[in-house]
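See structure below.
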Amino acid sequence: MDNSLKKNISKIFALNSAWMFLIILPIIVPFYRSKGLSMQEVFELQSFFSLIVLIFELPSGYVADLIGRKNTLISASLFQGVGFSLLPFFDHYWGLIFVQLLLGIGVSLFSGTDISIIYDSLHAMKNRIFKGSEAKLIGKKIFYTQTSEAIAALVGGALVVSSLDTPVKVQAFICWIPFLISLTVTEPPREKLSSSAHGDNWREISKKLFKSGPLIKFILFNNIIYSAATLLAVWTFQDYWHSLGVDYKYFGYLWCLTNFSVGLVARYAHDLEKKIGSVNILLLIGSLPIIGFFGMGKSAGLVGIIFCFSFQLCRGLNQVILKDALNARVESQMRATANSIIGLGMRVVFIIFGPILGWLIDNKGYEISLNIFGAIFIVSFFIILLPLIKLRGEFRK
């Protein structure tokens with residue numbers, strides 16, 4: 001069994017890499033814009049996607065805790081495959097909304113389940129093979145995922161020279177690779193939630209996450225806020241680059257570099273934390289979105305593009321440091337649910353602020369819009385991040 005569980009680690013790495021081999025991402029906003037959508041409508045699409053993920057996020061994590069990780073991954077991959085396969089056939093707002101419905105269900109099922117398999121497999125092996133390396137494994141997972149997305153960006157950038165539709169058509173075929181990989185995953189043994197006491201289960205989860213002291217609550221809140229910060233910013237990148245006069249043929253290279261930077265930071269985030277300390281890492285996570293929003297808003301040309309990397313550096317640190325801090329503190333039978341709460345909260349923030357950001361960009365331009373959001377994250381720094389830093393004595397226990 002140990003050998004099968006050990007292989008789970010590499011299979012999850014492969015599954016994440018295949019899941020994020022999205023050659024359409026470097027041109028997805030221009031693709032939507034080519035269908036006549038405004039930036040507000042682009043953010044509305046993503047807000048609807050986020051709403052679907054939000055609706056299914058907690059139930060999907062709970063289902064994964066109830067029925068098993070493997071079946072959840074298979075279902076997630078199936079929804080993603082169908083969604084991307086239908087995308088080339090829709091060229092209007094409501095058709096794209098339907099695609100977001102399918103993709104949102106897929107992402108909600110996938111979210112947190114992959115990380116849960118890693119932790120559950122390590123727990124079942126009593127971590128004899130990867131002893132003391134959970135954070136490093138999460139860093140590696142993110143590194144492989146972002147490297148895959150970076151390589152996919154180069155492929156998409158090359159294909160877009162033909163037309164904006166070409167990467168979308170090719171994606172319809174390669175999106176089935178995660179489904180094939182998910183069939184080979186081994187379900188790790190674990191203590192399961194009772195399927196006959198749902199109310200008791202939720203009360204127990206709520207007690208563990210929200211009533212066991214402020215530390216876990218603030219770890220959750222910071223996970224949510226800084227995940228949302230990077231998501232909001234990323235959906236401005238492509239139209240922002242276009243506003244700076246960057247040709248579409250270069251989008252693949254830029255998307256590759258921004259995503260490779262996430263993977264690189266995530267790969268060494270644990271080592272960096274050891275070197276500079278948890279407090280300084282947290283300060284960095286909180287400062288980078290502020291720097292990014294104000295930098296993009298007040299700069300032009302290459303300098304503005306460079307400030308985009310602030311969000312990706314924040315993303316790489318956040319996904320390792322804060323996610324490990326959470327997963328190390330919750331029990332295996334509720335781990336997928338806890339990870340789903342992060343995704344749920346992030347989507348709530350995006351649903352509220354995404355269309356606002358899109359409307360501001362359409363009506364006020366990038367400088368005013370990004371400066372406003374820079375100010376918002378200054379407020380979040382004081383309200384959400386500083387209380388966690390005050391608990392720094394407990395953070396690494």
Side-chain angles (χ1 to χ4, degrees), residues 22 24-55 83-84 86-88 90-104 107-108 160 164-165 167-168 224-225 227-246 248 251 254-255 258 289 292-300 304-305 307-308 311 315 343-377 379-380:
L22 302 175
I24 67 170
L25 279 189
I27 52 86
I28 191 63
V29 174
F31 172 75
Y32 289 152
R33 298 281 265 169
S34 74
K35 306 302 179 183
L37 274 63
S38 67
M39 277 303 291
Q40 182 177 346
E41 288 174 322
V42 169
F43 273 99
E44 284 174 359
L45 276 185
Q46 290 311 302
S47 293
F48 178 75
F49 171 86
S50 293
L51 177 62
I52 296 303
V53 174
L54 182 148
I55 291 171
F84 280 123
L86 290 177
L87 185 58
F90 295 113
D91 60 358
H92 53 88
Y93 182 83
W94 291 107
L96 295 172
I97 283 284
F98 180 67
V99 170
Q100 301 306 311
L101 169 66
L102 297 175
L103 295 178
V107 167
S108 68
V160 78
L164 280 171
D165 291 326
V168 179
I224 289 167
I225 292 299
S227 295
T230 57
L231 184 64
L232 285 163
V234 163
W235 277 97
T236 69
F237 284 179
Q238 293 169 17
D239 194 67
Y240 176 75
W241 296 337
H242 186 62
S243 74
L244 297 178
V246 180
Y248 289 150
F251 278 29
L254 288 173
W255 201 258
T258 57
F293 278 121
F294 280 118
M296 287 174 63
K298 294 183 177 297
S299 305
I305 292 172
F307 276 109
C308 294
F311 298 99
R315 183 179 169 193
L344 182 149
M346 176 187 71
R347 300 295 172 182
V348 170
V349 175
F350 189 89
I351 288 168
I352 295 170
F353 289 99
I356 294 173
L357 179 55
W359 182 89
L360 284 170
I361 291 169
D362 286 333
N363 293 278
K364 303 295 181 181
Y366 273 103
E367 182 175 357
I368 292 175
S369 305
L370 297 175
N371 286 342
I372 288 172
F373 272 74
I376 288 172
F377 282 95
V379 174
S380 73

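In this chain, numbering begins with 1 at the start of the sequence shown. Computed from a predicted structure; not experimentally measured.
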[atom2] on [Y] to [atom1] on [X], rounded to 0.5 Å:
X: Ile52; Y: Ser47; atom1: CD1; atom2: OG; result: 11.5 Å
X: Ser34; Y: Ile27; atom1: OG; atom2: CD1; result: 8.0 Å
X: Tyr32; Y: Gln46; atom1: OH; atom2: CD; result: 5.5 Å
X: Asp362; Y: Gln40; atom1: CG; atom2: CD; result: 6.5 Å
X: Leu232; Y: Trp235; atom1: CG; atom2: CH2; result: 11.5 Å
X: Phe293; Y: Ile376; atom1: CZ; atom2: CD1; result: 8.0 Å

Side chain [X], main chain [Y], donor-acceptor under 3.5 Å:
X: Ser227; Y: Ile224; result: no
X: Tyr366; Y: Met296; result: no
X: Gln238; Y: Val29; result: yes

request  = Kindly state whether the ring of Phe251 and the ring of Tyr248 have centres lying under 6.0 angstrom apart.
outcome  = yes

query = Hey, would you say the Phe294 and Phe307 ring centroids sit under 6.0 Å apart?
reply = no

Sole candidate of Leu86, Leu87, Val42 that passes side-chain contact (heavy atoms from CB on, under 4.5 Å) when paired with Leu96 = Leu87

ask   = Should we count OH of Tyr93 as having more than 12 external heavy atoms under 6.0 Å?
value = yes

Minimum-distance pair of heavy atoms, taken over all atoms of [X] and [Y]:
X: Glu367; Y: Gly297; value: CG-O, 3.1 Å
X: Pro167; Y: Val160; value: CG-N, 4.0 Å
X: Tyr240; Y: Ser299; value: OH-O, 3.7 Å
X: Phe48; Y: Leu101; value: CE2-N, 3.9 Å
X: Val349; Y: Ala228; value: CG1-CB, 3.5 Å
X: Phe237; Y: Cys308; value: CZ-O, 3.3 Å

Heavy atoms, side chains only, cut-off 4.5 Å: are [X] and [Y] in contact?
X: Phe84; Y: Val99; value: no
X: Arg347; Y: Leu231; value: yes
X: Phe43; Y: Ile361; value: yes
X: Phe31; Y: Ile28; value: yes
X: Ile305; Y: Val246; value: yes

query = Which is it for Leu370 and Phe373 under the side-chain contact (heavy atoms from CB on, under 4.5 Å) test, yes or no, and what are the steps along the way?
reply = CA-CA 5 Å; Leu370 297 175; Phe373 272 74; 5.6 Å; no

request  = Run the numbers on Phe353 and Leu360 for side-chain contact (heavy atoms from CB on, under 4.5 Å), then give the verdict.
outcome  = CA-CA 10 Å; Phe353 289 99; Leu360 284 170; over 6 Å; no

request  = Before giving the answer on side-chain contact (heavy atoms from CB on, under 4.5 Å), spell out for Phe49 and Phe350 the whole-Å C-alpha distance, their side-chain angles and the decisive distance to 0.1 Å.
outcome  = CA-CA 10 Å; Phe49 171 86; Phe350 189 89; over 6 Å; no

